[in-house]
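Every value quoted in this text rests on a predicted model; they were computed, and no experiment measured them. Throughout, a chain's letter reflects where its sequence line sits, starting with A, and its residues are numbered from 1.
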There are 2 protein chains.
Amino acid sequence: MACGGCNRTAPRDQRAAGLAIHVGDRSLARAAPRGPRLHLKSMKQVGVVDIAREAGVSTATVSRVLNGSGAVTEATRAHVREVIARLGYTPNAFAASLRKGRNDAIGIAVASISQPWHVKLIRELRRAIRAQGFTTIVYDLEHSEEVLIEHAESARRLRLAGMVLATGDRLDAPDVRAALDQLVETVPLVVIGQQLPDAGWTTVAFDDVTASEHAVQELLERRAKPVLFLGEAASSYLSEERRIGVERALRAAPELLEGSELVTLTAGMDYAAGYREVMARAASLSQFGTVFCVNDELALGACRAVHELGFSVPNDVMVIGYGDVDMLPYVVPSLSSVSGDVHAVAERVVPAIMAGIDGRRMPNPAKLQRRIVHRESTGGSGEQ
Amino acid sequence: MACGGCNRTAPRDQRAAGLAIHVGDRSLARAAPRGPRLHLKSMKQVGVVDIAREAGVSTATVSRVLNGSGAVTEATRAHVREVIARLGYTPNAFAASLRKGRNDAIGIAVASISQPWHVKLIRELRRAIRAQGFTTIVYDLEHSEEVLIEHAESARRLRLAGMVLATGDRLDAPDVRAALDQLVETVPLVVIGQQLPDAGWTTVAFDDVTASEHAVQELLERRAKPVLFLGEAASSYLSEERRIGVERALRAAPELLEGSELVTLTAGMDYAAGYREVMARAASLSQFGTVFCVNDELALGACRAVHELGFSVPNDVMVIGYGDVDMLPYVVPSLSSVSGDVHAVAERVVPAIMAGIDGRRMPNPAKLQRRIVHRESTGGSGEQ
DNA sequence: CTGAAAGCGCTTACAG
DNA sequence: CTGAAAGCGCTTACAG
């Protein structure tokens with residue numbers, strides 16, 4: 001397409017008719033085409049050849065200046081930089097990565113960015129990964145297997161240098177497992193939170209069984225009554241680990257285990273679910289000494305329900321969550337939680353992913369320990 | 001590098017010595033080199049030529065099958081697909097984008113993914129953008145100008161099809177403004193939340209002045225006492241808008257304006273800041289009828305402080321936030337908030353970004369209206 | 001220290 | 001419906 005004002009070629013229509021793009025194996029029909037693309041400020045973008053011509057050097061020299069590689073005279077370097085700035089040149093990341101045969105980006109995929117612990121983890125990992133000279137790209141799985149599979153496909157297409165996957169959702173559904181197995185063929189992977197049998201990747205995990213067991217032991221010392229456990233064993237690996245720990249602690253006192261209730265949630269693990277499950281037990285709530293929740297959102301909802309039912313936290317029933325998000329000290333009553341240190345996670349993950357990039361496979365590090373933080377909702381003190 | 005087991009060439013060392021990568025204008029020294037890269041499962045990755053050879057067709061046909069473009073016999077298509085699956089081929093996104101001269105990804109940059117409203121917005125935008133046949137890429141600005149500038153640079157290098165930027169932080173610092181002006185030269189941009197003069201992009205915003213004014217008017221009807229306003233005018237555009245609305249409502253009653261305090265926070269707008277500012281006013285708290293916060297996190301921290309000081313929310317002082325995040329109905333007392341609909345935002349943003357991609361510039365749509373949600377912290381009822 | 005030239009893996013007119 | 005060939009914008013041996 002010719003352009004009146006200049007002798008350059010206009011870029012092709014960005015949104016051609018009937019074009020289909022592939023996401024995973026499905027193809028999404030493209031929306032109806034719009035008119036041909038008008039031009040923004042500039043037409044054909046400037047490239048290394050334009051810089052080279054204008055600076056009177058070769059493209060090789062421009063590239064060397066761009067990448068700080070090879071030796072270039074300080075004078076040449078300064079001159080090329082000046083031309084780059086003057087022409088407003090931005091390197092094309094695709095061309096560079098294609099030629100180099102690698103991508104310096106590492107993916108960080110988390111179960112949900114609406115969970116504050118995952119956000120903390122993302123930021124900690126980003127910092128640690130950048131310190132190694134890599135960039136990062138964030139993936140929000142929205143607790144969806146379909147989205148995970150899609151992102152795994154995207155990671156392969158983008159030839160990511162590595163991938164970190166943090167989720168408590170089960171990864172053993174056949175199609176999910178297949179997607180991960182395929183991913184790990186070409187992209188080094190570190191999974192945070194769960195170990196699958198014969199997995200071709202490194203796993204970093206907390207010892208949730210022990211943490212839950214200890215937490216319940218401490219709570220039973222405070223009040224020797226049955227426990228109401230809220231988790232989602234069906235699709236959640238972490239719920240299962242935590243349930244096992246709770247059961248283990250309760251087995252020390254058979255009559256307590258007898259009276260306890262280990263709920264399997266099926267419709268989410270958010271504020272509403274915690275609220276709903278406790279409200280549904282209005283009649284039997286007084287038999288429990290503790291509501292033990294697999295995350296802090298459930299715990300907050302549970303507290304609200306206890307309050308609405310006319311009971312007191314912690315005088316009538318104690319409540320504890322998992323994750324220790326920033327908000328907990330500020331709610332009334334302040335919420336107790338089982339805490340996991342993101343810094344410790346990042347310290348294990350980064351060497352493992354770097355090893356993967358170097359073609360080595362690092363063995364799984366020892367499980368990380370969690371810490372129980374008692375606040376008002378379990379009678380307080382202890383620490384913090 | 002030769003490889004004993006196969007006759008293919010090993011990929012180059014992924015992490016060469018002394019290599020530097022560029023982020024913005026700085027170059028990060030790469031960590032010390034490790035040993036040469038060992039191979040994962042496969043060596044040279046399979047490409048279209050391998051598929052073409054194995055299938056007995058041309059690379060053009062393989063490409064057509066891959067993209068669903070052009071006409072291909074159903075038999076050929078099926079055969080090529082079989083070969084692709086058998087050889088485990090994944091297209092190289094760099095090569096495709098380089099050749100096509102475009103990227104079908106749209107960036108979504110938000111001030112902070114630790115704020116639930118932004119997470120809701122990301123998900124709503126992702127859904128709407130995908131429906132248009134584009135993929136998305138999430139950027140977390142961490143409330144940092146430096147990170148924003150970095151991401152703008154990244155967006156240009158990646159030749160993103162478009163960019164959506166949602167932040168209440170001021171964008172008028174010279175280097176930030178320069179980065180955005182440069183970005184918009186090549187990448188269509190839509191900014192959510194604030195209008196800058198002579199901006200080359202479309203803005204979608206709420207009418208925060210009016211919303212704040214109305215909210216304070218309603219609260220003054222409930223209790224005609226001065227207001228404690230918590231915001232961060234220095235670096236926050238949204239704080240300023242909201243402060244103006246609050247002042248406007250207070251001007252109706254000069255003695256109330258007189259007694260009110262409009263605080264300019266300087267160290268963040270999180271739970272801790274809300275808590276700290278109210279605690280610092282232990283002596284004077286009883287003079288205020290309302291604590292008006294520019295976000296929900298501040299409001300939660302403020303509630304806690306009121307509680308610790310021995311006052312009651314809402315009987316002694318009312319508290320209201322901004323954003324209406326999911327948790328608010330579940331805290332005690334449940335928190336009132338000024339709500340903004342992410343769906344309405346996405347409905348304005350997507351056509352604007354599509355227009356930008358088509359080379360058109362859409363005028364700013366009318367400001368969106370917010371809704372005041374009264375819960376227990378302002379005396380409840382009203383709605384919800 | 002610098003340049004000429006090949007090539008990364010795709011897609012797309014163009015020709016048949 | 002299919003193929004041969006050019007070329008997207010870089011980087012990198014290689015030669016000087």
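- Side-chain N/O atoms of A/Asn92 include none lying less than 4.0 angstrom from OP1 or OP2 on D/dC8.
- Atoms CZ (A/Arg53) and P (D/dG9) sit 12 Å apart, rounded to a whole Å.
- Evaluation of atom-type donor-acceptor distances gives a pair under 3.5 Å for the side chain of B/Arg64 against the base of D/dG3.
- Atom P of D/dA13 sits at a distance of 23 Å from the matching atom of D/dG9, rounded to the whole Å.
- Look at B/Thr76 and you'll find a side-chain N or O under 4.0 angstrom from OP1 or OP2 of D/dT2.
- Pairing partner, D/dC1: C/dG16, with both Watson-Crick or wobble hydrogen-bond distances short of 3.5 Å.
- Rounded to whole Å, atom C1' of D/dT12 lies 11 Å from atom CG of A/Asn67.
- D/dC8 atom P lies 18 Å from atom CG of B/Asn103, rounded to whole Å.
- Taking the side chain as every heavy atom from C-beta outward, B/Ile106 and B/Met354 approach each other to under 4.5 Å.
- One interatomic measurement links the two molecules: CZ of A/Phe94 to P of D/dG9, which rounds to 12 Å at whole-angstrom precision.
- Put simply, the side chain of A/Val80 does not reach to within 4.5 Å of the side chain of A/Val72, judged on heavy atoms.
- Put simply, B/Thr61 has a side-chain N or O that comes within less than 4.0 Å of OP1 or OP2 on D/dG3.
- For the OP1/OP2 pair of D/dT2 and a distance below 4.0 Å, the side-chain nitrogens and oxygens of B/Thr73 include at least one atom meeting the criterion.
- Mapped onto DNA chain D by nearest heavy atom, B/Arg159 and B/Arg77 fall at different nucleotides, with B/Arg77 at the one closer to the 5' end.
- Using a 4.0 Å heavy-atom criterion, one finds that B/Val72 contacts the sugar-phosphate atoms exclusively.
- Map B/Ala71 and B/Leu98 each onto its nearest nucleotide of DNA chain D; the residue landing nearer the 5' end is B/Ala71.
- What separates CG of A/Asp50 from C1' of D/dC10 is a distance of 13 Å, to the nearest Å.
- A/Leu66 has its CG atom 14 Å from the C1' atom of D/dT12, to the nearest Å.
- Residue contacts for B/Val57: at a heavy-atom cut-off of 4.0 Å it reaches the sugar-phosphate backbone alone, with no base atom in range.
- Inter-residue side-chain proximity for B/His151 and B/Asp140 is flagged as unmet; no heavy-atom pair is nearer than 4.5 Å.
- Summarising the geometry, the separation between CD1 on B/Ile51 and C1' on C/dC10 is reported as 13 Å, rounded to the nearest angstrom.
- Taking 4.0 angstrom as the limit, B/Ser58 places none of its side-chain polar atoms (N or O) nearer than this to OP1 or OP2 of D/dT2.
- Between D/dT12 and D/dG16, the distance separating the two C1' atoms is 16 Å to the nearest Å.
- The distance from atom CZ of A/Arg99 to atom P of C/dA5 is 16 Å, rounded to the nearest whole Å.
- Between B/Thr136 and B/Phe134 the shortest side-chain heavy-atom distance does not fall below 4.5 Å.
- Backbone-only engagement by B/Ala96 is indicated by non-hydrogen atom pairs under 4.0 Å involving sugar-phosphate atoms exclusively.
- With hydrogens and angles disregarded, a donor-acceptor distance shorter than 3.5 Å links the side chain of B/Ser144 to the backbone of B/Glu146.
- With B/Val48 as the partner, the side-chain contact (heavy atoms from CB on, under 4.5 Å) test is satisfied by one option alone out of B/Ile84, B/Leu66, B/Val65: B/Leu66.
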